[in-house]
Amino acid sequence: MGAEPVGTLVTTDLTVGGMTCAACVRRVEKKLGKLDGVTATVNLATGRARVSHPAEISPEDLVAAVEKAGYTAALPEPPKKQKREDGAEDEGARQERDRLVITALLALPVLVLSMVPGLQFRNWQWLCFMLAAPVAVWGAWPFHVRAVRGLRHAAATMDTLVSLGVVASFSWSAYALFLGGAGEPGMRMPFTLVPSASDGAAHIYLEAAVGVPLFVLAGRFLEARARRGTGAALRSLAQLAAKDVSVREDGTERLVPIERLGVGQVFVVRPGERVATDGEVVEGASAVDLSLVTGESEPVEVGTGSAVVGGAVNAGGLLLVRATAVGADTQLARITRLVTEAQAGKARAQRLADSVAGVFVPVVLALAVTALGFWLGAGADPQAAVTACVAVLVVACPCALGLATPTALMAATGRGAQLGVLVSGPQALEGLQHIDAVVLDKTGTLTSGHMSVARVTAVPGGLGKEAVLRLAGAVEQGSEHPLGLAIAAYAGRAAQGQPTPDVTEFGATPGQGVRGRVEGRLVEVRAPDDDLPTVLADALSRAEAAAHTPVLVRVDGVAEALIEVGDVVRPGSYRAVDRLRRLGVHPVLATGDREAPAQAVASALGVDEVHARCTPEGKADLVRDLQEQGYRVAVIGDGVNDAAALAGADLGIAMGSGTDVAIGAADVTLVRGDIEALADAVRLARRTLGTIRANLVWAFGYNVVTVPLAMVGLLNPMFAAAAMSASSLLVVGNSLRLRAWQPSSARRRTR
């Protein structure tokens with residue numbers, strides 16, 4: 001993602017390397033923030049920085065600022081270089097794995113001999129020293145390099161603590177072996193967790209010198225693999241994009257890279273292939289699977305004139321599609337961009353954690369020196385004082401603080417995208433968690449948004465529903481009126497592929513209806529009159545109560561059926577409103593439509609508060625009124641008339657099938673255009689914020705418990721390293737549980 005204008009500012013994404021903990025994040029943000037007019041949000045889990053800056057400050061200036069902080073930075077590579085970038089990541093992962101394996105092979109014998117006195121043979125300590133030396137130097141080299149780099153920039157990070165711990169324990173062991181009597185051939189050393197007096201020879205702590213880098217390297221390797229799992233959904237979205245496309249021109253096909261496909265070109269989608277980009281079907285009919293794009297599990301039937309989304313899978317016949325959007329303008333690209341931007345944000349609690357981490361490492365260094373001075377002043381052996389000091393340096397890890405929010409957010413936003421729910425960032429998640437009122441638009445949100453046949457009532461003993469529909473559909477075949485189009489489409493589906501009969505003597509009377517002769521019968525499709533059979537009169541009353549438009553069908557002058565046409569309620573709306581109410585959310589219906597259809601929809605859904613004939617300004621005023629009553633208000637809509645209310649609400653939610661204006665003003669987008677996903681979004685938000693709170697409680701609580709234990713000498717440095725690595729893994733593992741989160745059974749449909 002490159003730079004894009006945002007008002008008078010420009011937003012630029014940077015890839016930042018060398019960060020290992022929350023203290024690194026805080027330092028990079030502070031360094032960028034020192035530039036005039038610059039604000040930055042840095043994500044430890046993704047290694048990305050989102051920077052808002054004046055146009056006169058170039059991306060190169062931002063890169064230079066990050067490098068001055070002691071880290072590497074670069075603009076994200078173009079898509080064409082992505083493959084090589086991924087290859088570089090794989091090479092880096094292989095190097096880290098090789099370093100871990102070799103370190104483990106050298107460290108394990110040292111750990112065993114140091115911890116099991118019964119296995120300590122003559123001169124065992126010198127073998128351990130020779131094995132520990134390459135671990136303390138080469139195995140811990142990345143920590144030493146980053147610690148020195150931070151020292152040059154007057155910064156202290158987690159690498160500073162690890163490097164000091166390794167250097168201190170190895171240096172003390174070298175002193176003990178060469179000058180402290182620990183090098184005698186018959187030396188034996190007990191393994192204890194508390195300070196103890198020496199028996200004439202100084203103790204060696206080679207197990208700490210090898211255990212610290214071993215456990216930290218292992219923890220970071222596993223942590224990196226787990227963190228990569230949190231971004232699996234985003235990578236799966238990227239993999240939906242086609243690489244090549246078969247373009248049809250002048251009756252011939254040729255395979256071209258997707259980058260060369262232009263708007264207006266026609267391309268071929270064969271059964272089993274992905275639709276290359278957003279477009280309109282110009283020939284063919286099929287079913288397309290949108291599950292990986294919108295979260296909707298049921299295949300959608302498409303035909304000539306139907307819109308299709310890039311990334312959907314053609315599950316049926318051959319399709320010819322005309323491209324309507326390419327590149328960054330496609331729905332798949334917008335979804336991927338929204339998810340990426342959401343993962344760059346931070347919750348309020350995470351900002352507090354980052355602030356704490358910024359002063360955490362200097363405080364830990366002070367505590368380590370304090371512990372060393374206390375033990376020496378108390379008369380303890382120097383090795384006991386060194387043990388406590390090293391344990392404090394190693395156990396105090398701000399890594400878990402830095403990972404608490406980003407890993408949970410990555411997992412949640414990715415899972416949300418798979419379910420057809422896109423959130424703009426952690427602020428939207430926090431808003432979803434707390435909403436207690438939702439203003440629902442009617443047309444296109446609770447209803448389908450277009451005219452369709454709601455009910456057909458036929459006269460008993462007459463021609464029958466199927467026959468009447470066949471005749472009425474034939475007469476309406478040439479109509480351009482919305483009612484006629486709805487009847488013709490419904491009759492066509494009911495005919496199940498049977499040919500439509502021919503019509504003669506066709507005529508249309510404005511405001512009345514159409515007539516024509518079909519198979520020798522005079523068929524009239526018109527407004528109802530007063531002379532109706534009882535069954536049709538009852539149907540007319542029901543239609544008026546439901547705010548449907550009634551259409552009477554007469555065949556040879558005899559009333560045969562009444563067809564109700566209207567904007568029907570979406571099937572998922574019933575479940576959605578009920579589930580929102582169960583979650584403690586008060587539903588409010590606000591629509592620009594008339595009172596009768598608004599009340600009919602509200603009655604069907606069980607919504608008590610209804611506001612009809614609402615102007616865009618009226619909807620915005622309604623939101624303010626609810627907020628003044630103490631409600632935290634969400635607005636869900638799909639049109640331009642909803643944009644003001646969406647922007648003024650505590651949380652704006654747009655239907656994915658709505659206008660770009662509505663989607664742009666919203667904090668959350670329901671991709672598949674089904675408001676049933678709203679209840680899923682609320683529950684996912686509550687689960688995610690709960691996970692983040694649990695992560696932060698663990699990250700803070702871990703240090704509150706372990707640092708005092710290390711200071712009083714109750715924590716061996718080797719176990720301190722293991723505990724430190726385990727804390728980060730627990731945070732990441734807890735976040736990964738969100739990837740398997742499932743909507744409630746109430747949303748599962750029976751067919």
Side-chain angles (χ1 to χ4, degrees), residues 20-21 89-121 123-147 158-174 177 189 191 193 203-229 387 390-391 393-397 399-400 403 706 710 715-733:
T20 57
C21 65
E89 290 179 0
D90 292 340
E91 179 62 28
R94 280 195 294 270
Q95 291 178 355
E96 291 301 316
R97 182 195 61 200
D98 293 344
R99 185 181 301 274
L100 173 60
V101 170
I102 295 173
T103 298
L105 292 175
L106 293 172
L108 287 176
V110 178
L111 294 174
V112 172
L113 288 173
S114 300
M115 296 172 64
V116 184
L119 298 179
Q120 294 171 1
F121 51 85
N123 290 323
W124 66 274
Q125 68 272 40
W126 292 105
L127 174 63
C128 288
F129 181 77
M130 289 187 291
L131 293 174
V135 173
V137 178
W138 177 81
W141 187 252
F143 308 112
H144 300 323
V145 170
R146 289 190 289 262
M158 182 61 208
D159 296 300
T160 307
L161 302 181
V162 174
S163 178
L164 284 175
V166 173
V167 170
S169 55
F170 185 77
S171 298
W172 175 264
S173 299
L177 284 171
M189 189 186 75
F191 179 74
L193 294 177
H203 288 178
I204 59 176
Y205 293 101
L206 293 174
E207 75 277 8
V210 299
V212 169
L214 173 62
F215 287 120
V216 177
L217 285 173
R220 289 189 177 174
F221 178 77
L222 295 174
E223 175 190 304
R225 292 188 63 180
R227 278 159 50 185
R228 180 170 174 79
T387 299
V390 172
L393 291 172
V394 173
V395 79
C397 172
C399 298
L403 293 170
T706 56
L715 202 58
N716 182 281
M718 182 186 63
F719 288 115
M724 181 267 290
S725 299
S727 69
S728 296
L729 290 176
L730 282 172
V731 165
V732 176

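Here, residue 1 is the first one in the sequence, and each next residue gets the next number.
- Here the closest non-hydrogen pair linking Pro213 and Val166 is CD-CG2, 3.7 Å.
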side-chain contact (heavy atoms from CB on, under 4.5 Å) between Leu127 and Leu131, worked out:
CA-CA 6 Å; Leu127 174 63; Leu131 293 174; 4.1 Å; yes
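- Under the 4.5 Å side-chain criterion, counting only non-hydrogen atoms from C-beta, Leu100 is in contact with Leu214.
- Of all heavy-atom pairs spanning Arg99 and Trp138, the tightest one is NH1-O, 2.6 Å.
- When all heavy atoms of Val110 and Ala132 are compared, the closest pair comes out as CG2-N, 4.3 Å.
- The nearest pair of heavy atoms linking Phe129 to Ala174 is CE1-CB, 4.0 Å.
- For the atom pair CG (Leu217) and CZ (Arg97), the distance works out to 14.0 Å, reported to the nearest 0.5 Å.
- Between Ser173 and Leu206, the shortest heavy-atom distance links the atoms OG-N, 3.3 Å.
- The distance from atom CH2 of Trp126 to atom CG of Leu177, rounded to the nearest 0.5 Å, is 5.0 Å.
- A distance of 9.5 Å separates CD in Glu96 from OG1 in Thr103, rounded to the nearest 0.5 Å.
- Put simply, CG on Leu106 and CG on Leu111 are 11.0 Å apart, with the number rounded to the nearest 0.5 Å.
- Residue Gln125 holds its CD atom at 10.5 Å from CE of Met130, rounded to the nearest 0.5 Å.
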>> Apply side-chain contact (heavy atoms from CB on, under 4.5 Å) to residues His144 and Val167 and explain how you reach the verdict.
In response: CA-CA 9 Å; His144 300 323; Val167 170; 3.8 Å; yes
